[in-house]
There are 2 protein chains.
Amino acid sequence: MSASGVRARVRAEMTEEIKAVARRHLATDGANLSLRAVARDLGMASSAVYRYFASRDELLTALIIDAYNSLGAAAEAAAGQTATSPPDDPADGRTGLERFLAATHAARDWALADPHQWALIYGSPVPGYEAPQDTIGPATRVVLLIAAVVRDAYGRGEIEEREPITGRYAEELAAVGERFTPGAPPRLVGTALSAYIHLSGAISAELFGQLKASVEEDRRGYFEFQMRGAAHLIGLK
Amino acid sequence: MSASGVRARVRAEMTEEIKAVARRHLATDGANLSLRAVARDLGMASSAVYRYFASRDELLTALIIDAYNSLGAAAEAAAGQTATSPPDDPADGRTGLERFLAATHAARDWALADPHQWALIYGSPVPGYEAPQDTIGPATRVVLLIAAVVRDAYGRGEIEEREPITGRYAEELAAVGERFTPGAPPRLVGTALSAYIHLSGAISAELFGQLKASVEEDRRGYFEFQMRGAAHLIGLK
DNA sequence: GCCATAACGAGAGCACTGCTCTTGCTTTTT
DNA sequence: AAAAAGCAAGAGCAGTGCTCTCGTTATGGC
């Protein structure tokens with residue numbers, strides 16, 4: 001049992017090592033990751049890697065999950081809370097707007113530090129790739145964090161009064177909010193989601209070269225402008 | 001010369017045919033397009049394709065340019081104008097907000113009709129792929145269209161007065177606006193660009209599965225909500 | 001402690017890819 | 001009519017994901 005523990009541990013280490021090398025390859029060669037090249041770097045036969053990951057897709061899925069978690073952790077650290085933190089748990093005195101901006105800038109910094117990992121999770125999914133169930137949990141960390149920050153700000157009265165929204169989409173937002181962020185009115189769920197959408201679009205546009213030949217100088221200002229716009233729609237003051 | 005014209009014409013036809021088959025493959029197999037498979041479908045040797053496209057990247061670039069133009073044309077048709085139309089040229093009596101919503105919904109419809117073409121231009125760029133100069137013209141059609149719609153609406157007094165923006169990013173927006181959309185104040189250039197960013201993020205999120213397990217019912221309503229938010233930031237009324 | 005069993009690593013092999021080069025043929029140009 | 005250029009086909013190279021087989025090593029039950 002302890003011996004078997006040794007086996008399991010060395011296997012876990014090997015798995016981590018493969019992922020680490022794969023991440024390194026990803027950072028240089030981009031998305032078309034070569035399993036054989038990874039194996040070569042590790043000094044092992046390519047067939048041996050299949051003992052740890054059944055396919056290249058499975059390796060990519062593992063990297064995707066790790067990337068989502070890494071991004072989520074970075075945003076949460078900057079916000080000083082998680083999606084499930086009780087309101088005002090850290091009580092660091094920051095407003096919702098400050099936390100929102102800190103979290104979104106942290107997401108951008110994370111993406112700039114490793115563009116290929118961002119591309120891995122927010123770029124075009126590989127053709128036949130159907131996101132496994134394991135990914136959707138980590139994938140929602142950032143959006144749930146934003147929603148929580150907004151919900152807590154709402155609880156502290158930091159959000160301007162606006163007319164509630166109506167219609168079919170509002171109904172759906174109500175159901176979504178009920179499930180993930182109870183206590184937040186549909187308008188806030190909708191604008192928080194909008195902020196997340198805007199966030200991903202803003203970072204992707206910057207990273208994927210969509211801003212070339214237009215915004216070249218002040219890209220941090222560009223991003224700040226996007227996020228302050230999103231915050232304005234939420235009503236954060 | 002007429003004979004040479006024949007040669008040139010059959011070459012152009014062949015080029016189009018290759019692109020058409022490649023597009024068909026793209027729609028089924030996704031981004032990892034196989035040049036050999038395209039050649040097989042055309043009943044020719046793979047080496048023959050290289051007479052028309054020097055590499056797989058070059059074929060992809062051609063498809064990218066076509067996709068940008070196709071998307072741009074769809075949005076322009078819905079808006080009833082182009083980026084360079086004189087204000088009120090069509091004079092169809094529609095407001096700027098109506099044109100903005102029509103154009104953006106047309107972009108979404110275009111993307112939904114052929115998700116892989118959208119992924120080709122707004123998904124993660126292939127690793128070493130540096131967008132050639134030829135692509136940036138077609139790539140800017142949609143954003144320039146939005147800017148033009150906003151500028152014309154501004155000229156007709158359809159935009160709420162807001163405080164002008166300041167700072168380094170505002171300076172850069174002023175320069176960008178000067179070059180591409182003269183007559184529009186920096187705040188409008190900035191919010192028009194924001195709308196474009198939000199647009200691309202909203203469509204990508206929908207297409208790339210980011211909305212799974214949250215917004216499932218009313219995705220058109222979801223998109224409309226995003227675009228009305230963007231229009232609100234612009235000040236379209 | 002012994003031994004069947006399971007996990008593991010290596011290598012060969014298959015079908016596929018992008019791309020190059022050579023060879024023969026056709027069309028255009030001089 | 002001769003020369004030049006364009007074109008298509010096939011072989012070939014290096015690389016890929018993945019499978020299968022075959023020795024080796026570690027693990028757990030007796």
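All heavy atoms count here, side chains included; hydrogens, waters and symmetry mates do not. First the proteins, then the strands, lettered A, B, ... as listed; each starts at 1. These numbers were taken from a predicted model, which means no experiment stands behind them.
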Trainee: At 4.0 Å (heavy atoms only), tell me whether A:Leu33 reaches a base, stays on the sugar-phosphate, or touches nothing.
Mentor: sugar-phosphate

Trainee: Taking the six-membered ring for Trp, are A:Tyr169 and B:Tyr222 parallel (under 30°), tilted (30 to 60°) or perpendicular (over 60°)?
Mentor: perpendicular

Trainee: Among D:dG17, D:dA9, C:dG18, which nucleotide sits nearest the side chain of B:Ala48?
Mentor: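 Per side-chain heavy atoms of B:Ala48, the pick is D:dA9.
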
Trainee: Residues from residues 14-26 of chain B sitting under 4.0 Å of DNA chain C, heavy atoms only?
Mentor: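 Residues of residues 14-26 of chain B under 4.0 Å from DNA chain C: none.
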
Trainee: Give the intermediate values and the outcome of side chain to side chain contact (heavy atoms under 4.5 Å, CB included) for residues A:Ser194 and B:His198.
Mentor: CA-CA 8 Å; A:Ser194 288; B:His198 202 151; 4.2 Å; yes

Trainee: Atom CG of B:Leu35 and atom P of C:dT20: how far apart are they, to the nearest Å?
Mentor: 11 Å

Trainee: In this structure, how many angstroms lie between the C1' atom of C:dT17 and the CZ atom of A:Arg56, rounded?
Mentor: 13 Å

Trainee: In whole angstroms, how far is the C1' atom of C:dG18 from the CG atom of B:Leu60?
Mentor: 12 Å

Trainee: Check every strand shown and say whether B:Phe53 touches a base, only sugar-phosphate, or nothing at a heavy-atom separation below 4.0 Å.
Mentor: nothing

Trainee: So which atom in B:Tyr50 and which in B:Ala54 form the shortest heavy-atom distance, rounded to 0.1 Å?
Mentor: CD2-O, 3.4 Å

Trainee: May I have the distance from B:Asn32 (atom CG) to D:dG17 (atom P), rounded to whole angstrom?
Mentor: 12 Å

Trainee: Check B:Glu172 with B:Arg168, please: is the shortest side-chain N to carboxylate O separation under 4.0 Å?
Mentor: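 Looking at B:Arg168 and B:Glu172, the cut-off is not met.
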
Trainee: Please list, for nucleotides 19-23 of chain D, all pairs of protein and nucleotide N/O atoms separated by less than 3.5 Å.
Mentor:
none

Trainee: Salt bridge check, A:Asp66 against A:Arg23: does any charged N sit closer than 4.0 Å to a carboxylate O?
Mentor: yes

Trainee: So, are B:Arg24 and B:Asp41 salt-bridged, with charged N and O less than 4.0 Å apart?
Mentor: yes

Trainee: Which residue in the set A:Ile197, A:Leu193, A:Thr191 passes side-chain contact (heavy atoms from CB on, under 4.5 Å) when paired with B:Phe225?
Mentor: A:Thr191

Trainee: Taking CZ from A:Arg9 and P from D:dA26, how many angstroms apart are they, rounded to a whole number?
Mentor: 14 Å

Trainee: Taking atom CD as the centre, does B:Gln133 end up with more than 12 heavy-atom neighbours from other residues, nucleotides or ligands that are less than 6.0 angstrom away?
Mentor: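 No, not enclosed.
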
Trainee: Would B:Glu16 and B:Lys19 pass as an ion pair if we require N to O under 4.0 Å?
Mentor: yes

Trainee: Nearest-Å distance, CG (B:Asp57) to P (C:dG18)?
Mentor: 11 Å

Trainee: Rounded to whole angstroms, how far apart are CG on B:Asp29 and C1' on C:dT17?
Mentor: 13 Å

Trainee: Which nucleotide, D:dG10, D:dT16, D:dG12, lies nearest any side-chain atom of A:Arg40?
Mentor: D:dT16

Trainee: At less than 3.5 Å, do the side-chain atoms of A:Arg36 and the base atoms of D:dG15 form a donor-acceptor pair?
Mentor: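 Counting by modelled atom types and ignoring angles, no donor-acceptor contact under 3.5 Å is found here.
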
Trainee: Please confirm whether the shortest side-chain N or O distance from B:Arg11 to OP1 or OP2 of D:dC7 is below 4.0 Å.
Mentor: yes

